[in-house]
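Small disclaimer: the values here were computed from a predicted structure and weren't measured.
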Amino acid sequence: MEVRLLENERIDDLQFNGLKIIQNPEWFCFGIDAVLLSNFVKLKRNSKVVDLGTGTGIIPILLAGKSSAKEIYGVEIQKDVAEMASRSVKLNKLEDRVNIINEDLNNISEFLEKNTFDIVTSNPPYMHANGVINESDKKAISRHEIKCDIEDVIRVASELLKPNGRFFMVNRPLRLVDMMYYGRKYRLEAKYIRFVHSKVAKAPKLVLVEYVKCAKAEVKIMEPLYIYNDDNSYTEEILSIYANKSVEER
């Protein structure tokens, strides 16, 4: 399908099911954290899904390719970025299942009904906004808590989820205490935690957390995930994640 490209934009092949994505390297391009998060998700057929702070739309597009979820929404506050994500949805002919909403996630309950979603995902800004000079810069907004913070993301996830619905988040380990504290504050109990390391014997650089709404307090720490071998090639598990064709539960 023909879609227009704006200045500095490019089309990247996701090398999965023929999916492609439009990106602008002057803004912010998705990284391995988005790929890991989309593979960490577990969902049932015909699930209703929303991704908070969707950016390029990478997570909704990957989940559409890896599942039969019937409704997938991506929420993005930046108008230009949301418009680019919408063109990626059209490029992949996913308009019947994926919808990008250009809105502040703090107002999203005006557009999406509370307590109706099976799955919420988020790859939110990792860093505090302290010291950010240009608060309108797209890269700064993607990386720093300028438009929302971790409490906002967790609160809104809880509002949207059904009881026993699941929330999947990726963040940096230094935010783990906040992730646990605000999760419990808003009735999201962490059930699985997985640390992601660049290599064996290195400190973790990312953490993946699965929460369940209104669940009992019990958490499982999963085996660590290593990205690179000693020779800087991808580990077998990372290669299998990139090749994984389905995140549906059987």
Side-chain angles (χ1 to χ4, degrees), residues 33-34 36-44 47-55 59-60 63 69 72-77 103-130 141-197 203-225 247 249:
D33 46 1
L36 297 180
L37 178 60
S38 63
N39 196 75
F40 190 61
V41 172
K42 300 186 292 289
L43 51 74
K44 294 182 171 62
S47 290
K48 188 175 177 182
V49 181
V50 58
D51 181 46
L52 301 177
T54 200
I59 292 173
L63 290 180
I72 307 176
Y73 297 88
V75 179
E76 174 54 46
I77 193 171
E103 188 53 64
D104 186 333
L105 64 83
N106 288 296
N107 302 328
I108 201 61
S109 61
E110 298 176 18
F111 301 86
L112 300 176
E113 188 177 354
K114 292 182 179 180
N115 304 306
T116 63
F117 282 82
D118 303 291
I119 303 291
V120 177
T121 61
S122 187
N123 178 10
Y126 294 157
M127 294 175 274
H128 295 289
N130 300 345
I141 290 170
S142 297
R143 292 169 173 165
H144 296 81
E145 293 179 329
I146 295 170
K147 301 295 186 181
C148 68
D149 60 25
I150 197 168
E151 181 174 7
D152 294 329
V153 172
I154 291 173
R155 172 179 50 78
V156 172
S158 180
E159 290 174 354
L160 293 172
L161 282 171
K162 300 174 179 178
N164 296 316
R166 290 184 282 191
F167 174 43
F168 298 88
M169 179 192 278
V170 61
N171 213 305
R172 290 188 176 176
L174 60 84
R175 306 307 302 275
L176 187 58
V177 172
D178 291 334
M179 295 169 74
M180 299 300 101
Y181 172 78
Y182 290 119
R184 183 161 286 178
K185 179 178 179 180
Y186 294 105
R187 299 181 300 155
L188 291 175
E189 197 66 37
K191 304 301 290 182
Y192 292 93
I193 297 174
R194 190 171 199 191
F195 292 100
V196 181
H197 305 248
K205 60 183 295 185
L206 295 170
V207 61
L208 296 156
V209 179
E210 175 187 340
Y211 302 82
V212 177
K213 185 175 178 178
C214 304
K216 295 180 179 179
E218 183 176 286
V219 64
K220 179 179 179 180
I221 308 298
M222 302 172 67
E223 292 184 1
L225 173 58
V247 293
E249 293 182 310

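In this structure, E249 places its CD atom where more than 12 heavy-atom neighbours from other residues, nucleotides or ligands lie under 6.0 Å away. Other residues, nucleotides and ligands contribute at most 12 non-hydrogen atoms within 6.0 Å of the OH atom of Y192.
With a 4.5 Å cut-off on side-chain heavy atoms, V120 and V50 count as touching. The side-chain heavy atoms of I150 and M169, taken from C-beta on, include a pair separated by under 4.5 Å. Counting heavy atoms from C-beta outward, L208 and M222 have side chains that stay 4.5 Å or more apart. At least one side-chain heavy atom of K213 sits under 4.5 Å from a side-chain heavy atom of N115. V212 is listed as a side-chain neighbour of R166, based on a closest heavy-atom distance under 4.5 Å. The side-chain heavy atoms of K191 and E218, taken from C-beta on, include a pair separated by under 4.5 Å. For the pair I193/M180, a side-chain contact is recorded, criterion being any heavy-atom separation below 4.5 Å from C-beta on. Two residues are said to be in side-chain contact when any heavy atoms from C-beta on lie closer than 4.5 Å; L161 and L188 meet this criterion.
A donor and an acceptor atom, one from each side chain of E151 and Y186, are located under 3.5 Å apart.
For E189 and R184, the salt-bridge test passes: some basic side-chain N is under 4.0 Å from an acidic carboxylate O.
I72 contributes atom CD1, which lies 9.5 Å from atom CG of D51 (distance to the nearest 0.5 angstrom). Here the CG-CG distance, from L52 to N106, works out to 10.0 Å after rounding to the nearest 0.5 Å. For the atom pair CD1 of I154 and OH of Y211, the computed distance is 4.0 Å after rounding to the nearest 0.5 Å. Rounding to the nearest 0.5 Å places CG of D33 at 4.0 Å from CG of N123. Note that NZ of K162 and CD1 of I119 are 9.5 Å apart. Values are rounded to the nearest 0.5 Å. The distance from atom CG of N39 to atom CG of L225, rounded to the nearest 0.5 Å, is 9.0 Å.
For F40, the ring-ring contact (aromatic ring centres under 6.0 Å, His included) partners at least two apart in sequence or on another chain are F168.
Under the 6.0 Å distance and 45° angle rule, K48 counts as a cation-pi partner of F117.
The minimum heavy-atom distance between V49 and A69, with the atom names listed, is CG2-CB, 4.1 Å. Residues S122 and V153 share a closest heavy-atom pair of OG-CG1, 3.5 Å. The two residues E113 and L160 make their nearest non-hydrogen contact at O-CD2, 4.1 Å. Here the shortest heavy-atom pairing between N171 and P124 reads ND2-CG, 3.6 Å. Of all heavy-atom pairs between G74 and P60, the closest is CA-CG, 4.1 Å. Across all their heavy atoms, D152 and L105 have their closest contact at O-CD1, 3.9 Å.
Judged purely by atom type and a 3.5 angstrom limit, R194 has no side-chain atom pairing as donor or acceptor with the backbone of V207. No donor-acceptor pair closer than 3.5 Å links the side chain of S158 to the backbone N or O of R155. When atom types are taken as modelled, the side chain of K42 and the backbone of V247 share no donor-acceptor pair closer than 3.5 angstrom.
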